[in-house]
J.: 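The structure that follows is given in the form of C-alpha cells.
Keep in mind it's a predicted model, so treat the numbers as computed, not measured.
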Amino acid sequence: MNAGRVDNVVAMMRAMRREAETAPASRPDHVTYTTVISTLVAAGDMERARAVLEEMGRAGVPASRVTYNVLIKGYCQQLQVGKARELLAVDMAEAGIEPDVVTYNTLIDGCVLTDDSAGAVALFNEMRGRGIAPSAVSYTTLMKAFASSGQPKLAHKVFDEMEKDPRVAVDRAAWNMLVEAYCRLGLLEAAKKVVERMKARGVQPDVATYGSLAKGIAVARRPGEALLLWEEIKKEEMEVDGEVLEALADVCVRAALFRKALEIVARMEEMGMEANKGKYKRMYVELHSRMFTSRHASQARQDRRRERKRAAEAFKFWLGLPNSYYATDWRLQDDGNLT
DNA sequence: TTTTGCCCAG
C-alpha cells in the first residue's frame, strides 16, 4: 500500500480470501479491507474503492468508522463533496456508525477544496452540535477556508477562538495558516507581525512559513522585502525548499535585482534544482530588455549604474542570452524563442 | 495494522 502498488494490494486481499477457505486465520478483517480501500483512494479510483466496500459487506465484515473516513476523504479529493456527505448521512447512519472529529475535519476540508467556506462553517457547527469536540486540525482547516477565500480577518478570529479553547494547543500549522491568510492577499505587515509573535512564543518558522512569506512578497511586489527575507534565510542557514527560493528569485528578477537573483539561483542549483531559465528569459526580455538604452543619461548617472549593468550582464550570461561578451542584437520571436 | 490540517499551482 505504501508503495502505491494497487494491483498487488488487491491481489493480496483476494489471496487471503482464498486461503481462508482452508486457513480461517487468513480471513481478511476490517483493517485488511480498509487498507485496500486506502490504496484505491490514494490512486483516485473511487469506483473500485466503493466496490471493495460492497465486497466487504458481502463477506460479512462490517466497515468501520475509519473505512468510511477513508472513503469520505476520497470523494473530497475528487471534489465530490455531495457523495462524501451522503456517505455520512446515509451509509454511516444506516450502519449505525457515529462520525468522529476526523470525519468532520475531512468533510470541512472537502468544502475548502470546493471553495465553499459557508459549508465549512456549517459543518464545523454541526460537529459541535453533535457533541464532537473540535481538534487543532478542525480549527486549522476552518482557518484554511477563510484563508483561501481571502478573508484573513475571519481566519484570525478562528485562530483567537482556538487559543481560547483549552482542549487544543495552537501549533505551528495554525500559526502558519494565519501567516498564509495574510500573505495570500499580500498583507505583509500583518503577516510579519504574526511571525514575530510566533517566534516570541517559541515556535520556529519553517518551510511553510517562509513559503507563505515569499508568496506574499511576490503578491505585494515588494522586492525590498525579498532581500530582507533572503538575508534572513542565509543568516539562519534556514532549510528552505526550492519553491521558496524560486518565489524570491522571481521577485528579484522582476525588480531587476540581478545580483541577488543570481545568488538565489546559485543556491537553487546547489540544492540540485533546475532553475527555470526559460521563465527568466521571458521575464528579462519583457521587463528589462530596454534597460540601459537611454541616450540622454549623464556621465554621472552612467557611472552610478555601472554595477547594475554588470549584474545584468552576468545574469544574461547565466541565462544564455546574448550579453556584452557576445552579439548584442537579439529579439524575441512570437514563439518565445530568442534570435 | 487502516483516517484529518500548515508554502507552491493546477
Side-chain angles (χ1 to χ4, degrees), chain A residues 1-2 9 12-13 16 28-42 49 52-53 56 61 63-77 79 84 87 92 97 99-113 120 123-124 127 132 134-148 155 158-159 162 168-184 191 194-195 198 203-219 229 233 238-250 273 276:
Chain A
M1 182 197 86
N2 289 331
V9 168
M12 183 67 185
M13 172 194 73
M16 287 167 78
D29 66 2
H30 68 106
V31 177
T32 317
Y33 285 108
T34 303
T35 303
V36 176
I37 290 173
S38 280
T39 312
L40 290 163
V41 160
V52 173
L53 179 70
M56 213 176 159
V61 179
S64 72
R65 177 157 53 210
V66 174
T67 316
Y68 284 108
N69 286 350
V70 170
L71 283 162
I72 286 171
K73 169 78 176 174
Y75 281 123
C76 287
Q77 275 173 346
L79 308 181
L87 272 175
M92 286 178 82
I97 296 173
D100 66 357
V101 67
V102 175
T103 317
Y104 274 99
N105 290 348
T106 307
L107 283 166
I108 292 169
D109 195 50
C111 288
V112 177
L113 292 175
L123 279 164
F124 190 88
M127 173 175 75
I132 300 168
S135 66
V137 175
S138 316
Y139 283 105
T140 312
T141 309
L142 190 57
M143 288 173 69
K144 183 179 166 188
F146 294 128
S148 56
V158 177
F159 181 86
M162 185 179 183
V168 300
V170 170
D171 59 7
R172 183 151 62 189
W175 283 107
N176 283 346
M177 189 59 83
L178 190 53
V179 173
E180 166 66 13
Y182 286 115
C183 285
R184 191 171 281 256
V194 173
V195 173
M198 168 180 183
V203 182
Q204 269 308 112
D206 67 354
V207 185
T209 326
Y210 285 109
S212 289
L213 283 172
K215 188 178 60 177
I217 288 165
V219 170
L229 186 60
I233 287 169
M238 179 64 53
E239 281 284 326
V240 287
D241 61 7
E243 311 289 350
V244 174
L245 296 181
E246 187 168 10
L248 293 180
D250 287 2
M273 269 198 65
N276 187 347

J.: So do the side chains of Leu123(A) and Cys111(A) get within less than 4.5 Å of each other, counting heavy atoms only?
T.: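 SC-SC contact between Leu123(A) and Cys111(A) confirmed.
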J.: Which nucleotide in the set dT2(B), dC6(B), dT4(B) lies at the smallest distance from any side-chain heavy atom of Val137(A)?
T.: dT4(B)
J.: Met16(A) CE to dT1(B) P: how many Å, rounded?
T.: 15 Å
J.: Between P on dC6(B) and CE on Met198(A), what's the gap in Å once rounded to a whole number?
T.: 15 Å
J.: Identify which nucleotide among dC7(B), dG5(B), dT2(B) has an atom closest to any side-chain atom of Glu180(A), counting heavy atoms from C-beta outward.
T.: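 Of all the options, the side chain of Glu180(A) is nearest to dC7(B).
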J.: Is the phosphate of dC7(B), meaning OP1 or OP2, less than 4.0 Å from a side-chain N or O of Lys144(A)?
T.: no
J.: Without swapping roles, check the side chain of Asn176(A) against the backbone of Val179(A) for a donor-acceptor pair under 3.5 Å.
T.: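 Not at all, since once roles are kept as given, no pair shorter than 3.5 Å links the two residues.
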J.: Closest to the Asn176(A) side chain: dC7(B), dT2(B), dC6(B)?
T.: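 Within the option list, the nearest is dC6(B).
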J.: List the residues meeting side chain to side chain contact (heavy atoms under 4.5 Å, CB included) with Val31(A), not counting sequence neighbours, and say none if there are none.
T.: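 Counting only residues at least two positions away or on another chain, Val31(A) forms a side chain to side chain contact (heavy atoms under 4.5 Å, CB included) with Asp29(A), Thr35(A).
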J.: Look at the side chain of Arg172(A) and the backbone N and O of Gln204(A), then say whether any donor-acceptor pair between them is shorter than 3.5 Å.
T.: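 Yes, Arg172(A) side chain to Gln204(A) backbone: donor-acceptor pair under 3.5 Å.
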J.: Can you find a donor-acceptor pair, distance only, under 3.5 Å between Thr140(A) side chain and dG5(B) base?
T.: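 Donor-acceptor pair under 3.5 Å: yes.
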J.: Between atom CD in Gln77(A) and atom P in dT3(B), what is the gap in whole Å?
T.: 12 Å
J.: Over how many whole Å does the gap from Phe159(A) atom CZ to dC6(B) atom P extend?
T.: 16 Å
J.: With a 4.0 Å heavy-atom cut-off, tell me which residues in residues 64-72 of chain A come close to DNA chain B, sorted by residue number.
T.: Val66(A), Asn69(A), Val70(A)
J.: Heavy atoms from C-beta onward define the side chain here; which of dT2(B), dT4(B), dG5(B) lies closest to that of Thr35(A)?
T.: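 Nearest nucleotide to the side chain: dT2(B).
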J.: Do we see a donor-acceptor contact under 3.5 Å between the side chains of Thr141(A) and Asp109(A)?
T.: no
J.: Compare the minimum distances between each of dT1(B), dT2(B), dT4(B) and the side chain of Ser38(A), then state the nucleotide with the smallest one.
T.: dT2(B)
J.: Would you tell me whether Asn69(A) and Thr106(A) have side-chain atoms, one donor and one acceptor, within less than 3.5 Å of each other?
T.: no
J.: Rounded to whole Å, please give me the gap between CG in Leu123(A) and P in dG5(B).
T.: 15 Å
J.: Can you tell me if Met12(A) has over 12 outside heavy atoms packed within less than 6.0 Å of its CE?
T.: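 Counting neighbours around CE of Met12(A), 12 or fewer heavy atoms of other residues, nucleotides or ligands fall under 6.0 Å, so no.
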J.: To the nearest Å, how far apart are His30(A) NE2 and dT1(B) P?
T.: 11 Å
J.: In whole angstrom, what separates Leu213(A)'s CG from dC7(B)'s P?
T.: 12 Å
J.: Reckon Ala136(A) touches a base, only the sugar-phosphate, or nothing at all at heavy-atom distances under 4.0 Å?
T.: base
J.: Rounding to a whole Å, what distance do you find between Ile37(A):CD1 and dT1(B):P?
T.: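 Distance check: Ile37(A) CD1 to dT1(B) P gives 19 Å.
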